[in-house]
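Numbered from 1 within each chain, the chains take letters A, B, ... in sequence-line order.
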2 protein chains.
Amino acid sequence: MTAQSAGTDTRGLRERKKLETRSALRAAAVRMYLERGPAAVTVQDICEAAGVSQRTFFNYFETKDDAVFDWDRRLAGQLVELLTARPASEPPLEAVHRTLRTALPALVADAGWRERRRLLGAYPELVPKLLHSNSHLAEALAEAVAERTGLPPDALYPRLLAGAGLTVLRSSIRAWDPESPAEDLLAVLDSCFASLAAGLPRPESDDPVHSAR
Amino acid sequence: MTAQSAGTDTRGLRERKKLETRSALRAAAVRMYLERGPAAVTVQDICEAAGVSQRTFFNYFETKDDAVFDWDRRLAGQLVELLTARPASEPPLEAVHRTLRTALPALVADAGWRERRRLLGAYPELVPKLLHSNSHLAEALAEAVAERTGLPPDALYPRLLAGAGLTVLRSSIRAWDPESPAEDLLAVLDSCFASLAAGLPRPESDDPVHSAR
DNA sequence: CTGCAGTGCTGCAAAAATGCACTACTGTAG
DNA sequence: CTACAGTAGTGCATTTTTGCAGCACTGCAG
């Protein structure tokens, strides 16, 4: 039970292997999805490419598509950590805002993430599946908010705030052209949170952001 | 291609049969889920109880659990209709609020709905599955909001508002004790929308609603 | 009454997902 | 070095889900 050491290997050979297998599965899945489309890829295919058994695949991922959306497990941990680190004096909504703002640039810079983003554009039927994958994120975030505010973990306010925050995140990402720079995404995000803080007023008819895309 | 007639039978014998089959499947599923728990019920069981083939089950529902959450397909249609009917002068957030407020009492009064609500309490692992079922609702609602505001159907603001509204709905329902009267639920809902309109401020430490449950 | 089109229901086969029991290897302690 | 505990990976059986193609019934037209 030692604290984690350097960043390269989070722990012995065992952990490393696990990470590798996960990556291999994810990479194979994303690649094949892009090449042939989701329907034409079987779990079998992915497993052969990664050199593991089918059963192992479902040991790592709940569904076939989850392999492609793997990122939000890591995201959840990161967000919780960042949120917990925000000063307690900060109003909750602002804390969530700044948390997402901090996490986003690294996320969108990731080449793999961009690939998955393109995948969602090419195969919209995947979007609903992603949502399920998000429910875990919502729970984690709500818990962190509860922690911050000193409310019970299953209280109403934390769920509300976490849900609203993730809605902002999803909407922003969806409205953002993945080819444009990360700053644009941050601008959209800021605009969304501003709108939320103002109580979601009817947008000005000349507001380019809220009618975008 | 005639318009629909009275409310009892939406069209000939054929339609009626379809509705009956759907009900039978839903009813059987809910009953067995409550009796033995989801894991101990196979699609096979449900089909035998309803007198149809397994293939037919998946003709009506996407997944085993969907049969239990069937209600939100009907809900989506109702909400869109109600929202469209709100006066155009009403601010969007308020319109969504009043829409949900109007739809909720009938919903919670439904005996079947209460059964399903109890199911969610007894088997929390079902909650994430319900979420997937909700993505359809979010789309429909966003479209209706876009209509109201004159924004393009895939614009940012409609998605944001619809997402926030549904988050409120989900959170409220989740925080509401299904044994207590519907007025309580409306009170929670109102409180959530008030909080949202105020920009989700940190709740007062003596606020009983936001720390509830 | 008879025939036709539409479409609901079904069986069948393949793929996705899950529970269970077992093997083998890692990391640790003696 | 050796024994042990923990757990990743596997095979197998079962259930869930999906695509496809044929059968059968409803509603309509002649």
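One finds no side-chain N or O of B:Y60 lying less than 4.0 angstrom from the OP1 or OP2 phosphate oxygen of C:dG8. Within the 4.0 Å cut-off from OP1 or OP2 of D:dG9, at least one side-chain nitrogen or oxygen of A:T21 is found. At least one side-chain nitrogen or oxygen of B:S53 sits closer than 4.0 Å to the OP1 or OP2 atom of C:dT10.
The CG atom of B:D45 sits 15 Å away from the P atom of D:dT14 (whole-angstrom rounding). Distance B:L19 CG to C:dG8 P: 12 Å, rounded to the nearest Å. Between the CG atom of B:N59 and the C1' atom of D:dG19 there is a distance of 11 Å, given to the nearest Å.
Here ring-ring contact (aromatic ring centres under 6.0 Å, His included) pairs that include residues 41-64 of chain A, with residues two or more places apart or in two chains, are A:F57-A:F61.
Donor-acceptor pairing under 3.5 Å is lacking for the side chains of A:W176 and A:S172. Checked by atom type, the side-chain pair A:T42/A:D45 shows a donor-acceptor distance below 3.5 Å. Between B:T102 and B:T99, the side chains place no donor N or O within less than 3.5 Å of an acceptor N or O (distance only, hydrogens not considered).
Crowding of B:K64 atom NZ: a count of heavy atoms from other residues, nucleotides or ligands under 6.0 Å exceeding 12.
Between B:E139 and B:R159 there is a salt bridge, with a side-chain nitrogen of the basic residue lying less than 4.0 Å from a carboxylate oxygen of the acidic one.
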Legend entry - Nucleotide-resolved protein contact map, nucleotides 16-26 of chain C, B/S/- at heavy-atom distance under 4.0 Å: SBBBB----BB
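Note on A:K17: nothing from the nucleic acid sits closer than 4.0 angstrom, heavy atoms only.
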